[in-house]
Undergrad: 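Submitted below is the structure of interest, expressed as C-alpha cells.
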Amino acid sequence: MKFIDEAKIVVIAGKGGDGCLSFRREKYIPHGGPDGGDGGNGGSIFLQASASINTLIDFSYKRLFQGQNGQPGQGKLRTGRGGVDLVIKVPCGTKVFDAEVNMLLGDLLVDEELILIARGGKRGLGNTRFKSSTNRAPRKITHGALGEQRELVLELNLLADVGLLGLPNAGKSTLIRAISNSKPKIADYPFTTLHPNLGVCRIESDRSFVVADVPGLVKGAAIGIGMGITFLKHLQRTKILLHVVDISIISIEEILSNINDILEELSGFDHELAAKPQWIVLNKIDLVDKDIIEKVISAIRMRFSDVKKISMVSAMKRIDTEKLKLSLMHYIENNGI
Ligand SMILES: Nc1nc2c(ncn2[C@@H]2O[C@H](COP(=O)(O)OP(=O)(O)OP(=O)(O)O)[C@@H](O)[C@H]2O)c(=O)[nH]1
Ligand SMILES: [Mg+2]
C-alpha cells in the first residue's frame, strides 16, 4: 500500500438547527401560546488515533469532512435532532496543526485517543423560550450557529522504539525481517525500501518493542539525492538508532567513510536526532573473516568515540540476530542502562 505521511484536510462541523416559530393551534383553545421547539446542536468533528492504520493515504482521496447539521425545532415543543458527531480515524503518531495559524492542536499517540477539532454550531431557540409576562405571543426565534471550520495539516511521525539507519543495501530490511514480524521487500539493488515500515519484535507474549525500517540514506540526501531525507522524521520518536553497516565492502577506510556520511546527513537533518543513542550493527559477517571484523571494530572505536555499542550479525543467515534483539529489549526496558 502507498505510504503518505502528510495531508491537508478541511473540516466543517455541522450547523445548529434553527429554533421554531409556532403557536398552539387546537380545537377549543383559540389563542394557544407559543410552542416552537429549539433546534438541535450541530455535529462536532473529532480525530481519533487508531492502531490499525499506519498511513494518511485515505486523505489523498477525501479532503473535505463535514459534520451533520442539527435539525430545526418544530411545533408542539419538539426539539430538533442533534447532528451526529463525526470521528475521523488517523494513525497513532499523527500531529494535527491548524493550517491557518500553524498551531499544534494535538499529537495523537495512544490508540483510541480522541481530540475535538471542530465544534458543532449551537442550536437556535424556539419562540417558546421568549415567552414572558409582557410578551405572551413572542414571534422571536434564534437561528442555529454555523459549525467551526478549520483547515488542518496532518503530519504522521511513526512511533517506534528502535530506528534502523544506513546506506542502501546495508541490510536494514533483511534485519527487520530477521527480528520482527515485518516482511518488507529485500533486493540486491539500492533503494529497495521506498517508504518507512514498522515491525513488532516479540520476545515473549508480553515483552515486545517496535522497529522502524526506513529507506537507505546516502551522502547528499539533504539536497535530494536518493530518497531524500524527509523520511528521517519517522526516527525522531525512537529511543535508539541502529546504524546498519555492510562490512563486506572492500576497505576499512570505505567502511569508516560510509559511517561518517550517514552521521553527517543525520546531524544535517536534526541535531536532536543525531544525538540519540546509536549502536552500530556490522552486518553480513558471513562474508568476511574474523580478523577483518576485529580490525573494523577497533577502527570504528578509534574514529567514532560516541558510538555506544557495536554488534556483529548476519541478518541473512540470522547469526546473532536473536542476541541483538534481546539486547535491544533489555536496553528499552531499562531505559538505556
Ligand atoms: N551475505 C549476506 N547478504 C545480506 C545480508 N543481509 C542482507 N544481505 C543482502 O543485501 C542486499 C540488500 O539487503 P536489504 O535488506 O534489501 O538492504 P536495505 O538496507 O534494506 O536496502 P535499501 O532498502 O535499498 O535501503 C540483499 O541482496 C540481501 O540479501 C547478510 O547478512 N549476509
Ligand atoms: Mg530496505
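Along the sequence shown, residues are numbered consecutively beginning with 1. For ligands, and for the atoms within them, numbers begin at 1 and follow the listed sequence.
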Undergrad: Quiz question: by atom type and distance under 3.5 Å, do the side chains of D38 and T79 form a donor-acceptor pair?
TA: no
Undergrad: How does L287 reach ligand 1, if at all, at less than 4.0 Å between non-hydrogen atoms: by side chain, backbone, both, or neither?
TA: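 Side chain only.
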Undergrad: Taking the minimum heavy-atom distance to atom 4 (C) of ligand 1, which of K284, R177, K317 ranks first?
TA: K284
Undergrad: What about M316: any of its N or O atoms under 3.5 Å from an N or O on ligand 1?
TA: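 Yes; at least one N/O pair falls below 3.5 Å.
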Undergrad: Taking L159 as the starting point, is it possible to reach V162 by hopping between hydrophobic residues whose side chains are less than 4.5 Å apart?
TA: no
Undergrad: Taking the six-membered ring of F65, is the NZ or CZ of K62 close enough (under 6.0 Å from the centre) and on axis enough (within 45°)?
TA: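 Yes, a cation-pi geometry.
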Undergrad: How far is atom 28 (C) of ligand 1 from the closest protein heavy atom, and which atom is that?
TA: I186 CG2, 3.7 Å
Undergrad: For ligand 1, which part of P190 has a heavy atom less than 4.0 Å away: the side chain, the backbone, both, or neither?
TA: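 It is the backbone that touches ligand 1; the side chain stays farther off.
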Undergrad: Which of the atoms in ligand 1, numbered in the order shown and given with their element, are less than 4.0 Å from a heavy-atom of G216?
TA: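 Reading through ligand 1 atom by atom, the close ones are 25 (O).
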Undergrad: Please tell me whether L282 and F304 are part of a single hydrophobic cluster in this structure, the criterion being side-chain heavy atoms less than 4.5 Å apart.
TA: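 Yes.
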Undergrad: Salt-bridge test for K239 and D161: reply yes if a basic N is under 4.0 Å from a carboxylate O, no otherwise.
TA: yes
Undergrad: Going only through I, L, V, M, F, W and Y residues with side-chain contacts under 4.5 Å, is there a path from I53 to L47?
TA: no
Undergrad: Taking the Mg ion (ligand 2) as the vertex, what is the angle from OG of S173 to OG1 of T193, given to 10 degrees?
TA: 90°
Undergrad: For ligand 1, indicate whether the residue A187 contacts it via side chain, backbone, both or neither (heavy-atom separation under 4.0 Å).
TA: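 It is the backbone that touches ligand 1; the side chain stays farther off.
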Undergrad: Would you call G166 a ligand 1 contact, heavy-atom distance under 4.0 Å?
TA: no
Undergrad: State plainly whether the residues D98 and R150 are in salt-bridge range, i.e. N to O under 4.0 Å.
TA: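 Judged by the 4.0 Å cut-off on N to carboxylate O distance, D98 and R150 do form a salt bridge.
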Undergrad: Suppose we measure from atom 21 (O) of ligand 1 to each protein heavy atom; which comes out shortest, and what is that distance?
TA: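 Looking only at protein heavy atoms, the one closest to atom 21 (O) of ligand 1 is N169 N, 2.9 Å.
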Undergrad: Of the side chain and backbone of D286, name the one, both, or neither that has a heavy atom under 4.0 Å from an atom of ligand 1.
TA: side chain
Undergrad: Are V90 and L86 in one and the same hydrophobic cluster, where Ile, Leu, Val, Met, Phe, Trp and Tyr link if side-chain heavy atoms are under 4.5 Å apart?
TA: yes
Undergrad: At a non-hydrogen distance cut-off of under 4.0 Å, which region of N283 contacts ligand 1 (side chain, backbone, both, or neither)?
TA: side chain
Undergrad: Counting non-hydrogen protein atoms only, what is the nearest one to atom 25 (O) of ligand 1? Give residue, atom name and distance.
TA: K172 NZ, 2.9 Å
Undergrad: Any chain of hydrophobic side-chain contacts (each under 4.5 Å) joining I247 to L242?
TA: no
Undergrad: Please state which option from T193, I247, V313 has its nearest heavy atom closest to atom 23 (O) of ligand 1.
TA: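 Looking at heavy atoms only, T193 sits closest to atom 23 (O) of ligand 1.
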